[in-house]
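Encoded as structure tokens, the structure appears first; notes follow it.
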Protein chains: 2
Amino acid sequence: MTNPAWDVLVATCPSRTSLAKIANKWTAMIVIALNDGPLRFGALRETVDGISGKVLTETLRDLERDGILTRTMYNEMPPRVEYELTALGQTLQGPLAALGRWAEEHIELVLRAREDYDQRPDRS
Amino acid sequence: MTNPAWDVLVATCPSRTSLAKIANKWTAMIVIALNDGPLRFGALRETVDGISGKVLTETLRDLERDGILTRTMYNEMPPRVEYELTALGQTLQGPLAALGRWAEEHIELVLRAREDYDQRPDRS
DNA sequence: CCGGATCCGATTCGATACTG
DNA sequence: CAGTATCGAATCGGATCCGG
């Protein structure tokens, strides 16, 4: 099923274009946020704290194009649009959630490493 | 050990700065490339196909600062510099390798999803 | 010749203002 | 409410140059 010739380390390999999109902080946070079920555009913007509307729109479109999530628009007033992970997107949830957890669980060690690094006298 | 208040979805949380660095294609590829042991700068540049010297240098410095890898310089001629994952970096190897594998294993589905999306008539 | 610093164009980012 | 448009600012990234 999987072509063993695919290798993200090869510049021209299509799998790298996919890695480039999923190895992105906004993608990670959006997929993490959608773990508990579909969310509206506004709810996503609140949950993924600090994201701008423009970047949220762009990232959501890219993810929809790649089959990671679906966009469902309801013809209501006021308009309502919901985003939800596809089956494919749910297979991505694990790896990205693991990344998020790693960041939360190891931030203390990272902060300590930064202090050590910044206080090194040898900045030759 | 882990502060439950840390949440990568909160803009001001330090863990997000860490997530922003590890959720990056170059970081992912470098950590993946270092899985089999230390590599020299030049070997890394070949292995992570397509990366420029500048970006490689910057990313390696960031990762060194965060305690993900070590940089060892040998006073030889010609110069030799080796990069190697730390114990902390090895805990990151799993999650990032999983991301790379996801990209390779699901690229076919992603490519098909892109075709479908691009052929949709309703681009209202 | 290797590691990496510099320069500078290209891309991305994000705040604001506006539309259906 | 859910976007789109526009436009500086910031970041990324590649070609090129430099020190040992």
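This is a predicted model, so every value here is computed, not measured. Chain identifiers are assigned alphabetically (A, B, ...) following the order of the sequence lines, protein sequences preceding nucleic acid strands; residue numbering begins at 1 within each chain.
Fit an axis to the five pairs at each end of the helix from C:dC1-D:dG20 to C:dG20-D:dC1 and the two axes sit 30° apart, to the nearest 10 degrees.
Listed here is the closest heavy atom pair of A:T27 and A:K21: OG1-O, 2.9 Å. Nearest heavy-atom pair, A:P38 versus A:E82, reported as atom, atom and distance to 0.1 Å: CB-OE1, 4.1 Å.
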Short heteroatom pairs, N/O only, protein and nucleotides 16-20 of chain D, under 3.5 Å:
none

I'd like a list of close polar pairs between nucleotides 10-16 of chain C and the protein, N/O only, cut-off under 3.5 Å.
unit_1	atom_1	unit_2	atom_2	d
C:dC13	N4	A:K54	NZ	3.4
C:dG14	O6	A:K54	NZ	2.8

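Summarising the geometry, atom NE2 belonging to B:H106 is positioned 9.5 Å from atom CD1 belonging to A:I22; distances are rounded to the nearest 0.5 Å. Atoms CD and CD1, from A:Q90 and A:I68 in turn, are 11.0 Å apart once rounded to the nearest 0.5 Å. To the nearest 0.5 Å, the span separating CZ on A:F41 from CG on A:L60 amounts to 6.5 Å. Atoms CH2 and CD1, on A:W26 and A:I51 in that order, are 5.0 Å from each other to the nearest 0.5 Å.
Proximity of B:Y83 to the phosphate of C:dG4: a side-chain N or O atom is located under 4.0 Å from OP1 or OP2. At least one side-chain nitrogen or oxygen of B:R61 sits closer than 4.0 Å to the OP1 or OP2 atom of C:dA5.
Rounded to whole angstrom, the span from the NZ atom of B:K21 across to the P atom of D:dT11 amounts to 12 Å. Computed from coordinates, the A:L60 CG to D:dC1 P distance equals 17 Å when rounded to whole Å. Spacing between atom OH of B:Y74 and atom P of C:dG3 amounts to 12 Å, rounded to whole angstrom units. Counting to the nearest Å, the P atom of C:dC2 and the CG atom of B:N75 are 17 Å from each other. Summarising the geometry, the separation between CG on B:L56 and C1' on D:dC12 is reported as 14 Å, rounded to the nearest angstrom.
Two residues are said to be in side-chain contact when any heavy atoms from C-beta on lie closer than 4.5 Å; A:L92 and A:L88 fail this criterion. The shortest distance between side-chain heavy atoms of A:Y117 and A:R112 does not fall below 4.5 Å.
Applying the side chain to side chain donor-acceptor pair (under 3.5 Å) definition to pairs two or more places apart or across chains, those involving residues 68-78 of chain B are B:R71-B:Y83, B:E76-B:R80.
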request  = Go through the steps to decide whether A:D118 and B:R65 satisfy the test salt bridge (charged side-chain N to carboxylate O under 4.0 Å, His left out), and finish with yes or no.
outcome  = CA-CA 8 Å; A:D118 292 344; B:R65 190 169 104 97; 2.5 Å; yes
Stepwise salt bridge (charged side-chain N to carboxylate O under 4.0 Å, His left out) test for A:E64 and B:R120 = CA-CA 12 Å; A:E64 187 194 2; B:R120 281 195 212 170; 3.3 Å; yes
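Not counting sequence neighbours, the partners of A:R114 by the salt bridge (charged side-chain N to carboxylate O under 4.0 Å, His left out) test are B:D66.
Of all the residues in residues 31-45 of chain B, B:R40, B:F41, B:G42 reach under 4.0 Å from DNA chain C with at least one non-hydrogen atom.
By the criterion of side-chain heavy atoms lying less than 4.5 angstrom apart, applied directly or through intervening Ile, Leu, Val, Met, Phe, Trp or Tyr residues, A:M73 is grouped together with A:I30 in one hydrophobic cluster.
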